[in-house]
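Each chain gets a letter, A, B and so on, in the order its sequence line appears, and its residues count up from 1. Computation of the quantities below employed the complete heavy-atom set of this structure, encompassing side-chain atoms and omitting hydrogens, waters and symmetry-equivalent molecules. Fair warning: this is a prediction, and the values are worked out from it, not measured in the lab.
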Amino acid sequence: MLILMTGCTDLAAVNSVSTQMLDASQGWNPVAGEFQASCLRSNQFRDPPVSCETAERTSAGLQAANAILVAYFGALKKASADQAFSVDEGLATLSGSVAGIPGVDSGKVTAVSGLARFLIGLATDRVQEKTVRLLIAEAPAARAALDIEGDTVARGLGERLDAEEIQLGSTFRVYLQAERAQLGDPAAVCAAGPRSAEFRSGPAFLVALEYCRRAQVLAEKRAALDNYAKAVATTRTALGELEGNKSRLKAKALATRLYKLADELNTNVKAVRDAFEKGEA
Amino acid sequence: MATTDDLHELARLCNAAARAASAAIDRLGPRPDDPAQAEAWRAHADRLNAQVGRLTGLAGTFADLAVSASLDAAWPQLERLREATATAEERIARMAAISDAAKKIAQVVDLGIAVLALAAGPSPAGAVGVVQALGKVLD
C-alpha cells in the first residue's frame with residue numbers, strides 16, 4: 001500500500017498526513033478533558049472534596065487550543081485535496097450547455113473547454129500550492145502548540161493521574177483496614193485479581209475488587225499517555241517535514257516519509273481514543 | 001519556562017508528600033478490636049487520609065496551573081494560526097464560488113436554448129422545458 005501510494009507525486013501525500021494529523025488532534029479533546037475528569041473522580045473518595053475550578057479552566061483552555069489545531073489541520077487537509085481547487089465540475093456543466101446551443105460546432109466547444117480547463121487548472125494549481133504554503137508558513141506556531149500538548153500536558157496529566165492514584169490507594173486502604181484487612185502491595189493484589197479467601201469479610205473483598213477496577217482504568221489511561229505523547233511527537237515531526245520541504249511539496253522522497261508518518265499516527269491515535277474516550281472510572 | 005517547571009516541581013513534591021502520608025496509613029495496620037483503641041485508630045486514619053486529600057488536591061492544582069501557564073504563553077501564536085486558517089478557508093471557498101458561477105451560467109444557457117426551441121416551434125413539451133430550465137436558474 002505504502003509503495004503504491006508513494007508513486008503519486010502530487011499533494012496526495014500532504015493530504016494523507018494532514019488527514020491523520022486532523023484525526024489525531026480530534027482525539028486530543030478527551031485528553032484535555034481528563035484534567036477536570038480526574039479531579040472530579042478523585043473527589044468521589046476525597047473528604048473534604050477540593051475545588052475543581054482550575055482543572056475545569058485548564059481543560060477548557062486546552063480544548064480551545066485543540067479547536068484551533070483541528071481547524072488548522074482541517075484547512076491543510078482541504079487545501080491539499082485536489083477537489084477543493086477544481087472548477088472541472090462547473091466547466092463540464094457549462095461546456096455541456098454551450099454544446100447544446102443549436103448550430104454550435106460541438107468539436108470547437110470541446111476544444112475550447114479543454115483549453116480553458118488546462119489554463120484554469122494551471123491557475124488553480126498555483127492558488128492551491130500558495131494556500132498550502134500559507135498554512136505551512138504557520139507550522140512553527142502549530143509546533144509551539146504541540147510542544148505544550150506533548151510536554152506540559154503529558155507531564156501535567158501524569159501528575160494529576162499520580163495524585164488520583166495516591167488518593168484512591170489512601171482512601172481504599174482506610175476502608176480495608178477498617179474491615180481488619182490490608183491492601184498490601186496493590187500491584188501484586190490486583191495483578192491476579194483479589195481472591196475472597198484472602199479477606200476476612202465480604203465487604204473487604206468487595207472494596208478490594210472496586211479498588212482494583214479503578215486502578216486498572218487509571219493504569220490504562222497512564223499507558224495511553226505514552227501513545228498520546230508519541231502521536232503529538234509524530235505530528236510535530238510531520239509538520240517539520242512539511243516546513244522544511246515547502247518548496248518541494250510534490251517530491252517523491254517527501255511523500256514516502258509523509259506516508260510513513262501518517263501510518264505511525266494512525267497506530268497511536270487509536271490507543272489514545274480507546275483509553276480516554278471511556279469516560280468514568 | 002521557569003514558572004511552568006517550578007509548578008511541575010511543586011506538583012511532584014505534593015504527590016511525594018501525599019504518598020508518604022498514605023504509607024503512614026498502611027503502617028497503622030488493621031483497626032484494633034478494642035473499642036477505645038479502634039476509636040483512636042479511626043481518628044488517626046481519618047486525619048492522615050484528609051492530609052492525603054489536601055496534598056493530592058494541591059498536586060492537581062499545581063499541575064493544572066503549569067499547563068495553563070504554558071497555554072497562556074503560546075496563545076499569541078495560536079491566534080496567528082487561527083488567522084492563517086481563516087485566510088486559507090476563504091481561498092478554498094472562493095474556488096468553490098468560481099465553479100458554482102460556471103454552473104449558474106450553464107443553467108442560464110440552458111434556459112436560453114429552451115426559450116429558443118419554444119419560439120421556433122411552440123409545444124406543451126417545449127413550455128415544460130422552459131419552466132424546468134427556469135426552475136434550475138432560480139434554485
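Interface remark: A/Gln167 contributes backbone and side-chain atoms alike to the contact with chain B (heavy atom separation under 4.5 Å). Neither the backbone nor the side chain of A/Ser42 comes within less than 4.5 Å of any heavy atom of chain B. Interface remark: A/Ala64 contributes backbone and side-chain atoms alike to the contact with chain B (heavy atom separation under 4.5 Å). When heavy atoms are compared at a cutoff of 4.5 Å, B/Pro76 does not approach chain A at all. In this structure, the portion of A/Ile148 lying under 4.5 Å from any heavy atom of chain B is its side chain and not its backbone. Only the side chain of B/Ala59 comes within less than 4.5 Å of a heavy atom in chain A; its backbone stays farther off. Residue contact with chain A, scored on non-hydrogen atoms closer than 4.5 Å, is absent for B/Asp72.
Considering OG1 of B/Thr56 and CZ of A/Arg46, their distance stands at 3.5 Å, rounded to 0.5 Å.
With respect to chain A, the highest number of heavy-atom pairs below 4.5 Å among B/Leu28, B/Asp33, B/Leu7, B/Leu58 belongs to B/Asp33. Options B/Leu65, B/Thr85, B/Asp64, B/Thr87 differ in how many heavy-atom pairs under 4.5 Å they form with chain A, and the most are formed by B/Asp64. Between chain B and the residues A/Gly158, A/Ala139, A/Pro48, A/Ala178, the largest count of heavy-atom pairs under 4.5 Å involves A/Ala178. Heavy-atom pairs under 4.5 Å with chain B peak, among A/Leu62, A/Leu157, A/Val153, A/Leu76, at A/Leu62. When A/Asp162, A/Asn43, A/Leu176 are compared by the number of non-hydrogen pairs under 4.5 Å with chain B, A/Asp162 comes out ahead. Contacts with chain A were tallied for B/Gly57, B/Ala23, B/Ala45; B/Gly57 has the most, counting heavy-atom pairs under 4.5 Å. Contact tally against chain A (heavy-atom pairs below 4.5 Å) for B/Ala50, B/Cys14, B/Ala63: the top residue is B/Ala63. Most heavy-atom pairs under 4.5 Å with chain A, from the set B/Ala21, B/Ser68, B/Ala86: that is B/Ser68.
Counting non-hydrogen atoms of other residues, nucleotides and ligands closer than 6.0 Å to CD of B/Glu79 gives a total above 12. For CD of B/Glu39, the number of neighbouring non-hydrogen atoms (other residues, nucleotides, ligands) closer than 6.0 Å is 12 at most.
One side chain, A/Arg173 or B/Ser22, offers a donor N or O that lies under 3.5 Å from an acceptor on the other.
Nearest heavy atom pair, residue A/Ser25 against residue A/Val70, reads OG-CG2, 3.5 Å.
Within the 3.5 Å criterion, the main-chain N or O of A/Ala79 finds no donor-acceptor partner in the side chain of A/Thr131. A donor-acceptor pair is defined here as one N or O able to donate and one able to accept, closer than 3.5 Å; no such pair exists between the side chain of A/Arg143 and the backbone of A/Arg236. Using a distance-only test at 3.5 Å, with no hydrogens or angles considered, a donor-acceptor pair links the side chain of A/Tyr228 to the main chain of A/Glu149.
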Side chain to side chain contact (heavy atoms under 4.5 Å, CB included) evaluation trace for A/Met21 with A/Leu239: CA-CA 9 Å; A/Met21 290 195 288; A/Leu239 272 177; 4.2 Å; yes
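The aromatic rings of A/Phe45 and A/Phe172 lie perpendicular to each other, with more than 60° between the two planes, well past the 30° mark.
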